[in-house]
Amino acid sequence: MSRIAPQPGILDIELYVGGKSSVEGVSDVVKLSSNENPYGTSDVVKAAHAKTAVNLHRYPKTDHADLRAAIADVHGLDADRIICGVGSDEVLQFVAQAYAGVGDEIVYPEHGFSMYPILARMVGAKPIAVPERERTVDVDAILAACTKKTKIVFLANPANPTGTMIGGNEVARLADGLPKGAILVHDGAYTEYVEGFDGGAALVEARDNVVMTRTFSKVYGLGGLRVGWGYAPKEIIDVLNRIRQPFNLSPIQMSLAEAAVRDQAWVKKCRTENTRLRAWLAEALAELGVPSDTSTANFILARFVDQDEAEACDDYLKTQGIIVRRTTGYGLPNCLRITVGDEAGCRRVAHAIGQFKDGAR
Ligand SMILES: *Cc1c(COP(=O)(O)O)cnc(C)c1O
């Protein structure tokens, strides 16, 4: 063994495996495995892209002032309580690094987003997965699992990969019941898919222990750009900014994200299409004997009889050029997570699952 050893916990982290984007031997592939926006990026953002090449020799602004002002303006928030990161993943990482370490506990629902245990181990804290009830977050179980060592509770709402959601009163009850000094991180990656939802912003403003995270990766169709943001009490923002690299976002990232957030017409269009096609897809699969919980996000969690059937279906879909996501790693081995594609994508996956159920293998 080398005497040069990493920090405790780091070797327990399994390398992240992303959604596949190609199938060998199939050219016409539809990728429904990473909750990406099937309509892509808006034309407004593409136009902004053309202008960004000019000042690439200059270091970017370190305070993200223009982007924060745009976000604050569009959402009616306080720009001083916003922090921007390389995806919301980086903001989640700032919270973990600043507030948890060796000997601490980080709590999250059992089917929670795969980054939560990775972040816990990254900072040397113990990841604590809490049982859910029928794939829905159980606030009482989370509160019961909290101890004096609990520093952070991560909650994606809507949740990934279940697609289920808990109400604002339940989230407030969770925040109010946490041990002293613990932070609730309300991960709002799918906020925009829920019409009229503030993603937890009001909860942040009314309390000192809630952080909200948001992303440009999903409804804005900018997963490749890597921009997310957080909204938190001023004291927490001041702490997170101390560990943020000053030049974490390039001018390209900032100006495209700013153009995107100002283009709410695109968000509305994508939400409307998603809502319509999600209902269609869920019903089409239910009629084929593949139920799913009512989803509030841009994917559905299709439930099969058992793990064997789910895996056989995934294998069959691949032969048809359709890529979906297995969820065994999320404790849901009998399920497949299917992103709501555009109309053609939804019809194609429903048709193929129908063929699979009819015995094609
Ligand atoms: C997709 C997703 C994110 C977004 O990550 P980015 O780093 O912003 O791309 C965060 N949380 C959950 C639950 C997600 O599904």
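Whatever order the structure lists ligands and atoms in, that order sets their numbers, starting from 1.
Heavy-atom neighbours of Lys126 NZ from other residues, nucleotides or ligands within 6.0 Å: at or below the threshold of 12. Atom CD of Gln7 is surrounded by 12 or fewer heavy atoms from other residues, nucleotides or ligands within 6.0 Å. Within a 6.0 Å radius of CD in Glu14, other residues, nucleotides and ligands contribute 12 heavy atoms or fewer.
Relative orientation of the His186 and Phe197 rings is perpendicular, given thresholds of 30° and 60° on the angle between their planes. Note on ring orientation: taking the six-membered ring where Trp is involved, the planes of Phe216 and Tyr220 are tilted (angle from 30° to 60°).
Near ligand 1, residues Gly87, Ser88, Asp89, Phe113, Ala156, Asn160, Asp187, Ala189, Tyr190, Thr215, Ser217, Lys218, Arg226 each place a heavy atom inside the 4.0 Å sphere around the ligand atoms.
Ion pairing between a basic and an acidic side chain is recognised when a charged N comes within 4.0 Å of a carboxylate O; Arg326 and Asp315 show such pairing.
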